Amino acid sequence: MDYNKIGNLIMAERKAKKLTQAKLAEQLFVSEKTISKWENGNGLPDTNLLPKLCEILDISLNELLCGERNTGESDSDNKQQLLLNMAKELEDKNKLIWKCMWIIMAVSVISLLGGLYLISVFVTEGVWQLVMILVLGVVFLVPCFFALKLEVSVGAYRCKKCGSEIVPTYTQALNAMHMGTTRYLKCPHCNKRTWCKKVLYKDDEK
Ligand SMILES: [Zn+2]
């Protein structure tokens with residue numbers, strides 16, 4: 001703890017409150033010399049005096065012990081930093097979900113192709129082969145829907161016409177034609193249907 005800094009703060013705040021050393025001493029039931037001692041950095045107020053001193057000077061205990069006022073500026077800086085951290089976390093989470101989606105799709109497509117190959121090789125042509133291919137197709141749809149759900153849950157799509165971001169509902173995305181992750185969507189801003197590119201983060205592809 002920096003006694004000098006604390007002392008300077010006490011003096012500055014006392015003067016800001018237009019209090020003399022004598023007046024402050026009176027309110028704290030200490031001698032004028034004690035106040036002078038604190039302000040010169042030759043000692044700290046007793047712990048039991050701290051709450052009262054803070055109250056009189058209208059500063060927080062933390063500010064008193066740090067020897068400086070928390071300016072609104074650094075406070076809003078902290079909040080800014082907090083928001084940035086949260087945005088970063090969300091971005092990381094989105095990246096992870098995005099990666100998962102691609103892995104799910106890759107694994108399903110490989111399984112589908114592998115399954116089709118096995119059926120064509122090991123099952124003799126006929127009704128059973130057809131049934132198995134159909135079942136495989138239906139099973140393949142499950143990870144597709146799941147992947148679409150993941151895809152819709154992160155980021156947005158950018159309207160080609162006006163550049164605004166579109167966050168479609170699951171049904172809208174399901175019904176929209178797509179090429180890769182570019183979807184044919186109707187923009188609620190300009191009401192035009194365009195091939196909207198997927199954007200993961202706010203600043204992407206601007
Ligand atoms: Zn638009």
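When a ligand or atom number is given, it counts from 1 through the structure's own listing order. Quick caveat, the model's predicted, so the values are computed rather than measured.
More than 12 non-hydrogen atoms from other residues, nucleotides or ligands lie less than 6.0 angstrom from NZ of Lys5. In this structure, Phe140 places its CZ atom where more than 12 heavy-atom neighbours from other residues, nucleotides or ligands lie under 6.0 Å away.
Between Glu151 and Arg183 there is a salt bridge, since at least one side-chain N of the basic residue sits less than 4.0 Å from a carboxylate O of the acidic one.
Each of Lys33, Glu39, Lys15 was scored for a side chain to side chain donor-acceptor pair (under 3.5 Å) with Gln21, with one residue passing: Glu39.
Side-chain atoms of Glu63 come within 3.5 Å of backbone N or O of Ser60 as a donor-acceptor pair.
Residue pairs meeting the salt bridge (Lys or Arg N to Asp or Glu O under 4.0 Å) criterion with at least one partner in residues 131-150, sequence neighbours excluded, are absent.
Protein N/O/S atoms closer than 2.8 Å to the Zn ion (ligand 1), listed by chain and residue number, are Cys159 SG, Cys162 SG, Cys187 SG, Cys190 SG.
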